[in-house]
Amino acid sequence: MYGFWKPRVLGAWRVPASGPAILAVNHAHNIDGPMLMGTAPRPVHFLIKKEAFVGPLGGFLEGIGQLKVDRDSTDRQAIGNALGVLEQGGLLGIFPEGTRGEGDFASLRAGLAYFAVRSGAPIVPVAVLGSTDRPGRLVKGLPALRSRVDVVFGDAFDAGDGSGRRTRKALDEATLRIQEHLTDHLKNARRLTGR
């Protein structure tokens, strides 16, 4: 990432130095996940759509510990693998919106709340900003070479209400708390970076 672009990483010290945590990342561009993997202070295991695991890229993604998920069904193996990362004290990366979009955390899927409440792992909000500002001249699908991309880590927080409940209502309430934290972090990250 540092060879092609100029990442500016802010707040990396907010990622717990050890133990399980979930990085909740906005997703506006294909480069957002790799940018976070290349700049995070610890290895990150992302849930990535199974369609990306083709050819040499598939072997590479598996080799660096990324997790394949079938987004069209309840993928129990992916859920178990993700919970396993957290049980082993690792970092799980999730795009809570489920797919690329505006990257504004406007519509969250329930997966993030489920993993946070089930595992008890804290969530660290992450904003990747600048990846969509200027397309490259040679490869239009990538940001311009040597352009600045900001990766801003926020304060870790717990999604649950402390009761340990894992009911549908508890997950819905956790999703609302998560959305509020992520939206606030994104506003602060934009203000901090001037984007």
| said: With a 4.5 Å cut-off on side-chain heavy-atom distances among I, L, V, M, F, W and Y, is there a chain of contacts connecting Ile22 to Val152? | reply: no
| message | Please determine whether side chain to side chain contact (heavy atoms under 4.5 Å, CB included) holds for the pair Leu129 and Leu186, giving the CA-CA distance in whole Å, both sets of side-chain angles, and the decisive distance to 0.1 Å. | response | CA-CA 9 Å; Leu129 304 170; Leu186 187 58; 3.9 Å; yes
| field | Closest heavy-atom pair and its distance - Val124, Ala156 | value | CG2-CB, 3.9 Å
| task | Would you name the heavy atoms of Arg148 and Thr193 that are closest together and state the gap between them? | result | NH2-O, 3.7 Å
| query | What pairs with Asn188 under side chain to side chain contact (heavy atoms under 4.5 Å, CB included), at least two apart in sequence or on another chain? | reply | Arg191
Show me the side-chain donor-acceptor pairs of residues 6-21 shorter than 3.5 Å, one per line, residues at least two apart or across chains.
{"unit_1": "Arg8", "atom_1": "NE", "unit_2": "Asp150", "atom_2": "OD1", "d": "2.8"}
{"unit_1": "Arg8", "atom_1": "NH2", "unit_2": "Asp150", "atom_2": "OD1", "d": "3.3"}
{"unit_1": "Arg8", "atom_1": "NH2", "unit_2": "Asp150", "atom_2": "OD2", "d": "3.2"}
{"unit_1": "Arg14", "atom_1": "NE", "unit_2": "Asp155", "atom_2": "OD1", "d": "2.8"}
{"unit_1": "Arg14", "atom_1": "NH1", "unit_2": "Phe153", "atom_2": "O", "d": "3.1"}

| message | Tell me whether Ile94 shares a hydrophobic cluster with Leu67, the cluster being built from Ile, Leu, Val, Met, Phe, Trp, Tyr side chains joined at under 4.5 Å. | response | yes
| note | Correct closest heavy-atom pair for Ile48 and Phe53 would be O-CE1, 3.6 Å
| message | When you group the ILVMFWY residues by side-chain heavy-atom contacts below 4.5 Å and let the links chain together, are Val44 and Leu57 in the same group? | response | yes
| query | Between Leu91 and Pro43, what is the shortest heavy-atom contact and its length? | reply | CB-O, 3.4 Å
| How far does NZ of Lys68 sit from CG of Leu47, to the nearest 0.5 angstrom? | 13.0 Å
| request: Measure the NE2-CD distance between His185 and Glu180 for me, rounded to the nearest 0.5 Å. | output: 14.5 Å
| said: With a 3.5 Å distance limit and no angle check, can you tell me whether Arg146 reaches the backbone of Trp5 through a side-chain donor-acceptor pair? | reply: yes
| Smallest separation among heavy atoms of Ala113 and Thr175, with atom names | CB-OG1, 3.3 Å
| request: Start with the C-alpha gap between Ile31 and Val149, add the side-chain angles, then the distance that decides, and say whether side chain to side chain contact (heavy atoms under 4.5 Å, CB included) holds. | output: CA-CA 10 Å; Ile31 200 71; Val149 177; 5.7 Å; no
| request: With side chain to side chain contact (heavy atoms under 4.5 Å, CB included) as the test, would you mind laying out the steps for Ile123 and Phe115 before giving the verdict? | output: CA-CA 10 Å; Ile123 296 173; Phe115 289 122; over 6 Å; no
| query | Could you state the interatomic distance from CZ (Arg76) to CG (Leu83), rounded to the nearest 0.5 Å? | reply | 11.5 Å
| task | Using side-chain contact (heavy atoms from CB on, under 4.5 Å) as the criterion, point out the one residue from Leu92, Leu36, Leu61 that pairs with Phe46. | result | Leu36
| remark: Sequence neighbours excluded, the answer for side chain to side chain contact (heavy atoms under 4.5 Å, CB included) partners of Gln77 is Asp75, Asn81
| query | Taking only residues two or more places apart in sequence, or in another chain, which ones meet Lys187 in a side chain to side chain contact (heavy atoms under 4.5 Å, CB included)? | reply | Thr183
| task | Could you pull out all residues at least two apart from Phe4 that satisfy side chain to side chain contact (heavy atoms under 4.5 Å, CB included)? | result | Leu145
| message | Nearest 0.5 Å, please: how far is CZ in Arg42 from CE in Met37? | response | 15.5 Å
| Residues two or more places apart in sequence or in another chain: which of them pass side chain to side chain donor-acceptor pair (under 3.5 Å) with Glu173? | Arg165
| said: Between Leu182 and Pro96, is there a side-chain heavy-atom distance shorter than 4.5 Å? | reply: yes
